[in-house]
**Student:** 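Structure incoming, see below.
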Amino acid sequence: MKLFNTLTRQKEEFIPQGDTVKMYVCGVTPYDECHLGHAMSYIIFDVLRRYLEFRGFRVSYVQNFTDIDDKIIARAQKMGISTTELTERFINQYFADMDALNINRVDIYPKASEEIPDMLKVIQGLVDKGYAYASKDGVYFRVNSDPDYGKLSHRSLADLIPSTEGGSEKEHQLDFALWKAAKEGEPCWGSPWGKGRPGWHIECSTMALKYLGESLDIHGGGQDLIFPHHENEIAQSECFSGVVPFAKYWLHNGLLHWGEEKLSKSSGNLITIKQALGRFSADAIRLFVLSSHYRSPLTFSEQALEAMERGVERLRQAAWGGGGNGVELVEVVPFQRRFIEAMEDDLNTPQAIAALFDLAREINRARDEGFMVDQAQQMLLGLANILGLRLGEEEAHLEAEPFIELLISVRNELRRNKQFQLADKIRTALGQLNIALEDASQGTRWKYRK
RNA sequence: GGCGGCGUAGCCAAGAGGUUAAGGCGGGGGUCUGCAAAACCCCUAUUCAGCGGUUCGAAUCCGCUCGCCGCCUCCA
């Protein structure tokens, strides 16, 4: 398959370096709830992982938690709780969100706070080799010592000179902290350079090296991480290990926008995953994310999500319910081929989805004509599953289910007696309670709608 | 200032030199049905921001113009 590599700015044939695809995606800083932008990124990399596994690759997938950081310290102080209490809470919420979105768990979720000794080893190594130096307020990476610095973001140090002055303790303005000296009242760890805590970038380098080795196959994240985070990760990792490349393929997803307004945590226009799941199904959210190419920006809108919900409903309709007794008519292979070809081309999920919709139409058509559709439905479910779409009939088993069934049977009795007014009244009333009835030739179906 | 991206139907969104410009949502018409819903069928871009150029041939390549956006600072 072909993947667009940020490092080379072109699509490249994906060839893993060993038997197992080593994949690392930057995780969250758990100081608040995750929003739909996070969902977008993790859905995309979940689909990549699912697709690689579908193609027969073994994948070892690591994702970190940055559970020690300025924002965490500030938030915990504000809330009057410990940083661990805070991060545990949001890590739990993170897992709940991911599970609800049908994002498969990755293999290892290291936490920065539990990897300090390994980080110190990396920092020490960089200092020993002259790539880093201790200063008054911590240890810094010396960007001038790395001739490759800027290769991911395609910038030279000259391009990058910031307009504002700052960081007087640094040799170069772009030198970045590997270790930050502790301030009063902050969580800290002992180190050869005094009490302190790790800088942001060092954790990813350390964890990737530790859990996946010196050269990853895939390193992913949002486009906002290209500079400085990933650039700095490369610098640290390659200077420390001497192994190039630190990651063979760098993949970055486009960012989620919010209509006219820019995504901003301060303006409060974020929609959390939890809120979104209260209004839309996980399938609709996934379809929304995957309906545009992963490298393009995507703009959130209620309208778009509602459209996706209807689309998903059509796929579900096709995937379930028996066909006729005739032979199996739908030729599934061409649809599968189209799906795979699309995915092979830098994960072209919009085209893959188009194949799914076309297959759904074929299933419905064949079924209308009385043909058997079991295999086609299996194919639809199987391909949808690569995108993480469950297409399940609404899982929510309602307490009221027996009563709904009862009302339906009463109503059908009324219909048989041509008491349509009363029958319609039941249907309308149930509709107001979000229970939709559909009278088909095989019987009456009902669905719960959010 | 530096680097990069985008502009395709009412809306969302693929396509990146050559068969009818995917697919979804919406809209219009029809079939089925007691009605409704669902489903299916037909229609809904002679044209891809604009203007030039390259080419036998361009939405796709090149140049310019207009409009929008991201990154260079914390961020998936």
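Hydrogens, waters and symmetry mates play no part in the numbers below; they use all other heavy atoms, side chains included. Note on naming: letters A, B, ... go to the chains in the order of the sequence lines (proteins, then strands), and numbering restarts at 1 for each one.
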**Student:** With rounding to the closest Å, how many angstrom separate the P atoms on B:C51 and B:A58?
**Tutor:** 14 Å

**Student:** Can you tell me the pairing partner of B:C48 across any strand shown, Watson-Crick or G-U wobble, with both distances under 3.5 angstrom?
**Tutor:** none

**Student:** Could you tell me how far B:G4 sits from B:G10 if I compare only their C1' atoms? Round to whole Å.
**Tutor:** 31 Å

**Student:** OP1 or OP2 of B:C25 versus the side-chain N and O atoms of A:Arg314: is any pair under 4.0 Å?
**Tutor:**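 Yes, A:Arg314 has a side-chain N/O under 4.0 Å of OP1/OP2 on B:C25.
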
**Student:** Would you tabulate the nitrogen or oxygen pairs shorter than 3.5 Å linking the protein to nucleotides 14-18 of chain B?
**Tutor:**
residue	atom	partner	partner atom	Å
B:A14	OP1	A:His293	N	2.6
B:A14	O3'	A:Asn348	ND2	3.2
B:A14	O2'	A:Gln351	NE2	3.1
B:G15	OP1	A:Asn348	ND2	2.9

**Student:** Establish, yes or no, whether the cationic atom of A:Arg155 lies under 6.0 Å from the six-membered ring centre of A:Phe227 and within 45° of the ring axis.
**Tutor:**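 Here A:Arg155 passes the 6.0 Å and 45° test against A:Phe227.
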
**Student:** When the P atoms of B:G53 and B:C41 are compared, how many Å lie between them, rounded to an integer?
**Tutor:**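 Each nucleotide's P atom is 44 Å from the other's.
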
**Student:** According to the Watson-Crick and G-U wobble definitions, with both distances under 3.5 Å, which nucleotide is paired to B:C61?
**Tutor:** B:G53

**Student:** Once you apply the 3.5 Å cut-off to both distances, tell me the Watson-Crick or G-U wobble partner of B:G7, or none.
**Tutor:**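 When the pairing criteria are applied, B:C66 turns out to be the nucleotide that pairs with B:G7.
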
**Student:** Roughly how far apart, to the nearest Å, are B:C11 and B:U20 at atom C1'?
**Tutor:**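 Going atom to atom, C1' in each nucleotide, I get 24 Å.
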
**Student:** Atom CZ of A:Phe371 to atom C1' of B:A39: distance rounded to whole Å?
**Tutor:** 16 Å

**Student:** Measure the distance from CD on A:Glu306 to C1' on B:C25 and round it to the nearest whole Å.
**Tutor:**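 Whole-Å distance recorded here is 11 Å.
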
**Student:** Less than 4.0 angstrom between a side-chain N/O of A:Arg445 and OP1 or OP2 of B:A37, yes or no?
**Tutor:** no

**Student:** So, do A:Phe65 and A:Phe95 have ring centers that fall under 6.0 Å from each other?
**Tutor:** yes

**Student:** Counting the benzene-type ring for Trp, do A:Phe90 and A:Tyr31 have ring centres under 6.0 Å apart?
**Tutor:**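 Not under 6.0 Å, so no.
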
**Student:** Side chain of A:Asp224, heavy atoms from C-beta onward: which of B:G70, B:A76, B:C40 has the nearest atom to it?
**Tutor:** B:A76

**Student:** Nucleotides 3-11 of chain B: which of its N/O atoms have a protein N/O under 3.5 Å away?
**Tutor:**
residue	atom	partner	partner atom	Å
B:C3	O2'	A:Arg9	NH2	3.2

**Student:** Taking the six-membered ring of A:Phe4, is NZ or CZ of A:Arg295 closer than 6.0 Å to its centre and within 45° of its axis?
**Tutor:** yes

**Student:** Take the angle between the ring planes of A:His38 and A:His35 and call it parallel below 30°, perpendicular above 60°, tilted in between.
**Tutor:** tilted

**Student:** Are A:Arg361 and B:C41 close enough that a side-chain N or O sits under 4.0 Å from OP1 or OP2?
**Tutor:** yes

**Student:** Measure CG/A:Leu287 against P/B:G23 and give the value in whole Å, please.
**Tutor:** 15 Å

**Student:** Please determine, for the side chain of A:Phe357, which listed nucleotide (B:A38, B:A76, B:G24) has the closest atom?
**Tutor:** B:G24

**Student:** How many whole angstroms separate atom CG of A:Leu298 from atom P of B:A13?
**Tutor:** 7 Å

**Student:** Establish, from distance only, whether the side-chain atoms of A:Glu115 and A:Thr206 form a donor-acceptor pair under 3.5 Å.
**Tutor:**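 Per modelled atom types, A:Glu115 and A:Thr206 side chains form no pair under 3.5 Å.
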
**Student:** How many Å lie between CH2 on A:Trp258 and P on B:G70, as a whole number?
**Tutor:**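 Distance, rounded to whole Å: 15 Å.
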
**Student:** Please report the interatomic distance CD1(A:Ile273) to CD1(A:Ile103), rounded to the nearest 0.5 Å.
**Tutor:** 6.5 Å

**Student:** Mind calculating the distance between CG (A:Leu157) and P (B:C72) to the nearest angstrom?
**Tutor:**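 Spelled out: CG on A:Leu157 to P on B:C72 is 16 Å.
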
**Student:** Using the six-membered ring wherever Trp is involved, compare the ring planes of A:Tyr24 and A:His219 and label them parallel, tilted or perpendicular (cut-offs 30° and 60°).
**Tutor:** tilted

**Student:** With a 4.5 Å limit on heavy-atom distance, are the side chains of A:Asn104 and A:Arg50 in contact?
**Tutor:** yes

**Student:** Touch check for A:Gly37, heavy atoms < 4.0 angstrom, all strands: base, sugar-phosphate only, or nothing?
**Tutor:** base

**Student:** Can you tell me, in whole Å, how much space there is between the P of B:U33 and that of B:G15?
**Tutor:** 43 Å

**Student:** Can you tell me, in whole Å, how much space there is between the P of B:C40 and that of B:A16?
**Tutor:**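 Pairwise P distance, B:C40 against B:A16, rounds to 28 Å.
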
**Student:** If only side-chain N and O atoms count, and only distance matters, is there a donor-acceptor pair under 3.5 Å linking A:Thr444 with A:Glu438?
**Tutor:** no

**Student:** Go through the side-chain N and O atoms of A:Gln63 and A:Tyr42 and say whether any donor and acceptor fall under 3.5 Å apart.
**Tutor:** no

**Student:** Any strand is fair game: report the nucleotide pairing with B:A39 by Watson-Crick or G-U wobble, both distances under 3.5 Å, or none.
**Tutor:**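 When the pairing criteria are applied, B:U31 turns out to be the nucleotide that pairs with B:A39.
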
**Student:** Rounded to the nearest angstrom, tell me the gap between atom CG in A:Leu347 and atom P in B:A13.
**Tutor:** 18 Å

**Student:** Contact class for A:Phe45 (heavy atom, under 4.0 Å): base, sugar-phosphate, or nothing?
**Tutor:** nothing

**Student:** Between A:Pro228 and A:Asn364, who's closer to the 5' end of RNA chain B by nearest nucleotide?
**Tutor:** A:Asn364

**Student:** Might you list the N or O atoms of the protein lying below 3.5 Å from N or O atoms in nucleotides 32-36 of chain B, with each pair's distance?
**Tutor:**
residue	atom	partner	partner atom	Å
B:G34	O6	A:Arg415	NE	3.0
B:G34	N1	A:Asp424	OD1	3.1
B:G34	N2	A:Asp424	OD2	2.7
B:C35	O2	A:Arg427	NH2	2.6
B:C35	N3	A:Arg427	NH1	3.0
B:C35	N3	A:Arg427	NH2	3.3
B:C35	N4	A:Asp439	OD2	3.0
B:A36	N6	A:Asp439	O	2.8
B:A36	N1	A:Asp439	N	2.9
B:A36	N3	A:Arg427	NH1	2.7

**Student:** Testing the 3.5 Å rule here: is there a donor-acceptor pair between the side chains of A:His230 and A:His201?
**Tutor:** no

**Student:** Can you confirm whether the side chains of A:Tyr149 and A:Asn232 place a donor and an acceptor under 3.5 Å from each other?
**Tutor:**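 Judged by distance alone, the side chains do pair up.
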
**Student:** So, OP1 or OP2 of B:A39: does either fall under 4.0 Å of a side-chain N or O from A:Arg367?
**Tutor:**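 Checking A:Arg367 against B:A39: no side-chain N or O falls below 4.0 Å of OP1 or OP2.
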
**Student:** Under 4.0 Å, heavy atoms only, any strand: does A:Gly27 hit a base, just the sugar-phosphate, or nothing?
**Tutor:** sugar-phosphate

**Student:** Please state the P separation for the pair B:A13 and B:U19 - nearest whole angstrom.
**Tutor:** 25 Å

**Student:** What's the gap between B:G2 and B:C61 when it is taken at their P atoms, as a whole Å value?
**Tutor:** 24 Å

**Student:** Measure the distance from NE2 on A:His230 to P on B:C74 and round it to the nearest whole Å.
**Tutor:**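 Answer to the nearest Å: 14 Å.
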
**Student:** Applying a 4.0 Å non-hydrogen cut-off, can you work out what A:Ala307 is touching in the nucleic acid: base, sugar-phosphate, or nothing?
**Tutor:** sugar-phosphate

**Student:** Would you say the side-chain atoms of A:Lys447 and A:Gln317 include a donor-acceptor pair closer than 3.5 Å?
**Tutor:** yes

